[in-house]
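First the structure, in the form of structure tokens, and then the observations on it.
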Amino acid sequence: MASVPKIDVGSDYKEKYGFFVPEDFVFKAKRGLNPEIVKEISWMKKEPEWMTKMRLRSLEIFRKKPMPTWGADLSVIDFENIFYYLQATDKQSKTWEELPPDIKATYDRLGVPEAERKFLAGVSAQYESEVVYHSLQESLTKKGVIFTDTDSALRDHPELFKEYFGTVIPPADNKFAALNTAVWSGGSFIYVPKGVKVDIPLQAYFRINAENMGQFERTLIICDEGSFVHYIEGCTAPIYTTDSLHSAVVEIIVKKDARCRYTTIQNWSTNVFNLVTKRAMAYADATMEWVDGNLGSQITMKYPSVYLMEPGAKGDVLSVAFAGKGQHQDAGGKMIHVAPNTTSTITSKSISKGGGRTSYRGHIKIYPGANNCKSFVKCDALLLDDESRSDTYPYNDVDAENVTLGHEATVSKVSDEQLFYLMSRGIPRAEAETMIVNGFIEPFTKELPLEYAVELNRLIQLEMEGSVG
Amino acid sequence: MADFEIKDLRASVEGRQILKGVSLAIDKGEVHAVMGPNGSGKSTLSHTLMGHPGYTVDGGEVTFKGQNVLELEPDERARLGMFLALQYPVVVPGISMTNFLRTALNAKRGYDGKDKSKQISPKDFRSMLKSELEVLHMDDSFLPRYINDGFSGGEKKRAEILQMAMLKPEIAILDETDSGLDIDSIKFVADAVNRMRGPDLGILIITHYTRILEFIKPDFVHVLVDGKFVLSGGPEVADRLEKTGYAEWGKEEPAQPQEVTT
């Protein structure tokens, strides 16, 4: 792993991520949710009629579906107190300099432009409801790669858009998918043409700035046959005393022989409800990899899934969750084996501290006829004290023959022996604990590009210092 | 007053007193050996000196550089210049030996994440590591591996000695570093320790068997039985034990291994 970075932890989350700039906007919808607001969003975006209708239909579905009661406690969310749409600036920039100064300052402070210069092939920055900055290396544009915000894609690539939008996660899939489809705004749209390999990652950065804001980005990625892309998303928000809601939908299609890796390092402030549906369809010999780091938020419910549609398809979920005081991370993964000779792995690592709660929730489904499938689930939980909690909810449905299904679960504590050993070499207790935690998630960290590994270790250090939340 | 002084140290494990008044003075440049049969309190002595949370001090004093060591956390003791080579080095997954060594070295130099001038540069660290490995005749194959993870018995002990060489303590306690090692590994470790031996380092070797003392010649030998020193003297004490074992103190245990395990 990358060496444990040292930072001045006196500047805690609030300093580094939790700051906010005074709200300035060109359009802000009224608080609450109703057909008028949905129509207004669609009208603002000058959308085709089919999308307006789809939004309204989705709103109906959202209203009819009951709140899920099987996971974290969501009864505290007040949907009428949320702002569903906020446009902070009326144009999208291609250079950081063109952005309104306060927004540019925000991204500078988060280090996004610097990261772009150093190691990214394309960057998308979403501020509140809209993508405000966008860039893609010219060489990729020439190869036919499309990387744009989802609203622009609806406008500029209507056929491609309509062919795939809502096909992986239809509005009726779950209550929050319906909500997202009703009020979605922003997100990334990626199309990688046949045989094109995007060697350098593309990144999107999602930032909520306003209070009681709802962010509902919608991401759609299509990897055509034999292609490859690595997409990274980062998310942060200021610390407010009242709640914000982040409810994204991510749909991915990975065609024959293609490979898609989707990496998330989310670090929401602890007033954010994070309820996200992420799903991919993987076709013949295709590979889908979810690398999912869940830090922050008050409640996260997120179970990236892969539908293994054709023989040879492979799905991986590698996730890390850190729950501190007052937080509940309900995360995991789903692997749906539709075709024979498909394989999947889910590796989940969770850390609970200061009374925080982590749950692993996973579903392995193997359909009749999907013979010769292999699936392996491993979940490891690390508890840092006696008040914290970790649970495992694995569900397996196997209706096929010759299936190999493995499940391993461990719960451990930071041992006195490990702490003593590190401390006996002069390493202070807090730093030794952080090292042990970073070591525990190393199987995750080593899958990240170096810069993100360093960032994640630093975030863990902040969490360990207890300065978050 | 000696550089490192233990006075009437008494300590318990899980409510049972194991050390019943141990006194010992070590000056830099000296090598002391503490020998004792099973259950005599050898591990309690080493762990209590380093501040392991499982051992309770019931009384006595330990002073080093004018400081009351018993009031310090293990990391503070280490930064003061103490080192304990463990009998059973602990596995810590996910952290490479290199990273561990660098972090420990930076901690020893007083780097707390703020004053970058105290941090060892990557270049200096590499050259220091390289030269220590050369001096110890060790290869670097285990450096990228996780701390003690999957290490053989011999590798673990070598790694302990490398840590000692990098951290340059002034008082080093070697807790049964010879146990479980074959004769070649013992020679290897002994050679390494002998190279570090010098006027700036006091060494306390804790062992059941005389064998390692054939290779690291002690200046003083102390026999620990039932939590107390029953005999102290020069290297001749080890020779005496080699012949008669611990029988004269009612412990029918030889002071030589009966069979060598690797």
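Side chains included, hydrogens not; waters and symmetry mates left out as well; all remaining heavy atoms used. In what follows, every chain begins at residue 1, and chains take the letters A, B, ... in the order their sequences are listed.
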Non-hydrogen atoms of chain A under 4.5 Å away: do they reach the side chain of B:Leu84, the backbone, both or neither?
both

Counting heavy-atom pairs under 4.5 Å with chain A, which one of B:Met82, B:Arg77, B:His47, B:Glu73 comes out on top?
B:Glu73

Flag if over 12 foreign heavy atoms under 6.0 Å of CG, A:Asp386:
no

Using a 3.5 Å distance criterion without hydrogens, assess whether the side chain of A:Ser297 forms a donor-acceptor pair with backbone atoms of A:Trp268.
no

Inspect the contact between A:Arg425 and B:Glu160 and indicate whether a charged nitrogen and a carboxylate oxygen are less than 4.0 angstrom apart.
yes

Heavy-atom distances under 4.5 Å only: say whether B:Asp149 touches chain A with side chain, backbone, both or neither.
neither

For B:Tyr88, which atoms come within 4.5 Å of any heavy atom of chain A: side chain, backbone, both, or neither?
neither

I'd like to know if B:Asp3 and B:Lys28 make a salt bridge, using a cut-off of under 4.0 Å between side-chain N and carboxylate O.
no

Less than 4.5 Å to any heavy atom of chain A: does that hold for the side chain of B:Leu80, its backbone, both, or neither?
neither

Establish, from distance only, whether the side-chain atoms of A:Lys302 and A:Gln266 form a donor-acceptor pair under 3.5 Å.
yes

